[in-house]
Amino acid sequence: MEHVLVATHLNVQPGECIKVKGKIFPEAKRFAVNVGKDSGNLMLHFNPRFDSHGDVNVIVCNSMEDGRWGTEEREADFPFQQGDKTEICISFDTTELTVKLAGDKEITFPNRLGLENIEYLSVDGDFAIKAIKFS
Ligand SMILES: C=CCO[C@@H]1O[C@H](CO)[C@@H](O[C@@H]2O[C@H](CO)[C@H](O)[C@H](OCc3cn(-c4n[nH]c(N)n4)nn3)[C@H]2O)[C@H](O)[C@H]1NC(C)=O
């Protein structure tokens with residue numbers, strides 16, 4: 001699994017926002033943004049799929065605990081286009097994560113791991129990162 005970016009020791013607190021700006025490859029099949037404690041403990045695996053694992057234009061969200069995937073949640077909205085620039089903003093509190101997307105779309109996902117901060121961020125797949133911003 002190739003990572004486009006891995007960042008650690010971030011200590012992002014509840015209410016703060018992790019902004020990931022970039023460009024989706026023209027022939028993108030999938031990309032993913034992962035946040036959590038480390039690569040095996042993810043509060044959120046945010047995985048837009050253009051055509052991957054049999055999913056077409058679906059956002060798959062999941063968590064991972066000690067290397068084991070949790071139960072997937074699939075989102076109806078798909079505000080992504082291959083070849084487009086996009087920006088996602090991830091924030092969290094003790095109960096849930098919020099992902100702000102283009103077009104004022106918002107997706108929430110339960111904070112299943114109950115983590116109190118985000119130390120780890122990784123981005124992988126068909127996505128060219130332009131900027132990462134913590135605010
Ligand atoms: C229907 C058959 C059994 O269910 C399927 O089981 C697959 C394997 O677990 C599920 O795909 C995984 O879903 C995980 C989230 O729940 C992850 O998205 C996992 O991908 C991990 C991954 C791949 N990559 C990657 N980087 N670069 C590329 N090409 N791939 N990086 N991380 C995917 O391989 C897939 O989402 C799931 N589909 C359904 C409908 O449940």
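Indexing begins at 1, ligand by ligand and atom by atom, following the structure's order. Computed from heavy atoms alone, side chains included, the values below leave out hydrogens, waters and symmetry copies. Everything quoted here is computed from the prediction, not taken from an experiment.
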Practice problem: Report, in ascending order of atom number, the atoms of ligand 1 lying under 4.0 Å from any heavy atom of R49. | Solution: 11 (O), 12 (C), 13 (O), 14 (C), 17 (C), 18 (O), 33 (C), 35 (C), 36 (O)

Quiz item: With sequence neighbours excluded, what pairs up with Q13 under the side-chain hydrogen bond (donor to acceptor under 3.5 Å, both in side chains) test?
Solution: N11

Quiz item: With a 4.0 Å cut-off on heavy atoms, does R30 reach ligand 1?
Solution: yes

Quiz item: Just heavy atoms, cut-off under 4.0 Å: does R74 contact ligand 1 by side chain, backbone, both, or neither?
Solution: side chain

Quiz prompt | Per-residue contact class, K29 against ligand 1 - non-hydrogen pairs under 4.0 Å | solution = neither

Exercise. Would you give the length of the straight line joining atom CG of N111 to atom OG1 of T94, rounded to the nearest 0.5 angstrom?
Key: 7.0 Å

Quiz item: Hey, is ligand 1 close enough to E72 that some N/O pair sits below 3.5 Å?
Solution: yes

Exercise. Would you kindly confirm whether L42 and F46 end up in one hydrophobic cluster when ILVMFWY residues are joined by side chain heavy atoms under 4.5 Å apart?
Key: no

Quiz item: Considering residues at least two apart in sequence or located in another chain, which fulfil the side-chain hydrogen bond (donor to acceptor under 3.5 Å, both in side chains) criterion with T95?
Solution: D93

Exercise. Go through E65 and L113 one step at a time and tell me if the side-chain contact (heavy atoms from CB on, under 4.5 Å) criterion holds.
Key: CA-CA 7 Å; E65 202 153 1; L113 280 63; 4.1 Å; yes

